[in-house]
Q: 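A single structure is presented below for examination.
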Amino acid sequence: MRRWRDAEHRPLMRDVAGIMLSAVEDNFEAQGRAKWKDLQQSTKDSRAKQGTWPGKILQRSGHLASSIVTRHSAYEAAVGTNVAYAAIHQFGGRTKAHVIRPKAKRALSFGGIVVRQVCHPGSEIPARPFLKMTKTDIRYMTEDVVRWYWRTLAQNGLAR
């Protein structure tokens, strides 16, 4: 039984992390499983001016989606990102109030009104959980774990 306790779990955890990564990629591709709340029309208009709309909800530049990494050890598997704005998209929330100043000009113009700066009250960002695992994803991980344990038991003479 000693060999069973000392079994190397890293390949299993690598596989589980791969399933988790596929699930996150599926979330970005499907724009949520269940579907994420649509962007506000003002956001779509702004992105259209930037040339990034039509497009996908959380993929204006692709930075967030491409930042997802896996990590695994002998006893754990994880996916995540170190992108600063990831949490507000995952969980939702309100951005801080802030001042908007012109970057390239001396003033801002909104509908014929010209100002040097605007005090933005912050924005309400709905949760769009991209790190979510569906029941199907969890079933795939569970099946992988069960297969691995049966194979390990058989290799150690503890199962047929």
Q: Parallel, tilted or perpendicular: which describes the rings of H120 and H98, with under 30° parallel and over 60° perpendicular?
A: parallel

Q: Would you indicate whether E29, at its atom CD, is surrounded by more than 12 heavy atoms from other residues, nucleotides or ligands within a distance under 6.0 Å?
A: no

Q: Please assess Q59 against L64 for the test side-chain contact (heavy atoms from CB on, under 4.5 Å), listing each intermediate value before the final yes or no.
A: CA-CA 7 Å; Q59 295 191 54; L64 179 60; over 6 Å; no

Q: So, for F28 and W36, which heavy atoms are closest and what is the spacing to 0.1 Å?
A: CA-CH2, 4.0 Å

Q: Which is it for V69 and T81 under the side-chain contact (heavy atoms from CB on, under 4.5 Å) test, yes or no, and what are the steps along the way?
A: CA-CA 6 Å; V69 295; T81 178; over 6 Å; no

Q: Using the side chain to side chain donor-acceptor pair (under 3.5 Å) criterion, which residues pair with R33? Sequence neighbours excluded.
A: N27, D137

Q: Give me the atom names and distance for the closest heavy-atom approach of A17 to T70.
A: O-CG2, 3.6 Å

Q: Would you say the side chain of M20 lies within less than 4.5 Å of the side chain of V24, judging by non-hydrogen atoms?
A: no

Q: Search all heavy atoms of L108 against all heavy atoms of I100 and return the closest pair with its distance.
A: CD1-O, 3.5 Å

Q: S73 and M13: side-chain contact (heavy atoms from CB on, under 4.5 Å), yes or no, with the steps?
A: CA-CA 7 Å; S73 68; M13 291 297 110; 5.7 Å; no

Q: With distance as the sole test, does Q90 use its side chain to make a donor-acceptor pair with the main-chain N or O of F130 at under 3.5 Å?
A: yes

Q: Look only at the side chain of S123 and the backbone of I125, and say whether a donor-acceptor pair between them is shorter than 3.5 Å.
A: no

Q: Measuring from atom CG of D15 to atom OH of Y140, what distance do you get when rounded to the nearest 0.5 angstrom?
A: 15.0 Å

Q: To the nearest 0.5 Å, what is the distance between CD on Q40 and OG1 on T43?
A: 5.5 Å

Q: Can you get from V146 to L158 by hopping between Ile, Leu, Val, Met, Phe, Trp and Tyr side chains that sit under 4.5 Å apart?
A: yes

Q: Would you sort out whether L131 and I68 count as a side-chain contact (heavy atoms from CB on, under 4.5 Å), showing the intermediate values?
A: CA-CA 9 Å; L131 295 174; I68 306 299; 4.3 Å; yes

Q: Taking all non-hydrogen atoms of both residues, which atom of P129 and which atom of K132 are closest, and how far apart?
A: O-CB, 3.6 Å

Q: Please check: side-chain N/O of N156 versus main-chain N/O of T152, any donor-acceptor pairing under 3.5 Å?
A: yes

Q: Please confirm whether the backbone N or O of I57 pairs with a side-chain atom of R47, one donor and one acceptor, at under 3.5 Å?
A: yes

Q: Near K49 NZ, under 6.0 Å, is it more than 12 heavy atoms from other residues, nucleotides or ligands?
A: no

Q: Could you tell me whether the side chain of W150 reaches within less than 4.5 Å of the side chain of L153, counting heavy atoms only?
A: yes

Q: Do the non-hydrogen side-chain atoms of D38 and K44 ever get within less than 4.5 Å of each other?
A: yes

Q: Would V118 end up clustered with V114 when hydrophobic side chains under 4.5 Å apart are linked, directly or stepwise?
A: no

Q: Taking all atoms of both residues into account, what is the closest heavy-atom pair of M133 and I138, and its distance?
A: CB-CG1, 4.1 Å

Q: So with a 6.0 Å cut-off around CZ of R139, is the heavy-atom count from everything else above 12?
A: yes

Q: Just so I know, are the side chains of R101 and V99 near enough to count as touching, which here means a heavy-atom distance under 4.5 Å?
A: yes

Q: Side chains of R128 and L39, heavy atoms from C-beta outward: is any pair under 4.5 Å?
A: yes

Q: Do H9 and W148 make a side-chain contact, defined as non-hydrogen atoms from C-beta onward lying under 4.5 Å apart?
A: yes

Q: Applying a strict under-4.5 Å side-chain criterion to I, L, V, M, F, W and Y, I'd like to know whether F91 and Y85 cluster together.
A: no

Q: Under a 3.5 Å distance rule, please check whether Q50 uses its side chain to pair with a backbone N or O of T52 as donor and acceptor.
A: no

Q: Within this structure, what is the CG-NE2 distance for the pair L21 and H72, rounded to the nearest 0.5 Å?
A: 12.5 Å

Q: What closest approach, in Å, do S109 and G112 show between heavy atoms, and which atom pair accounts for it?
A: OG-N, 4.2 Å

Q: Short question: side chain of K35, backbone of A30 - any donor-acceptor pair under 3.5 Å?
A: yes

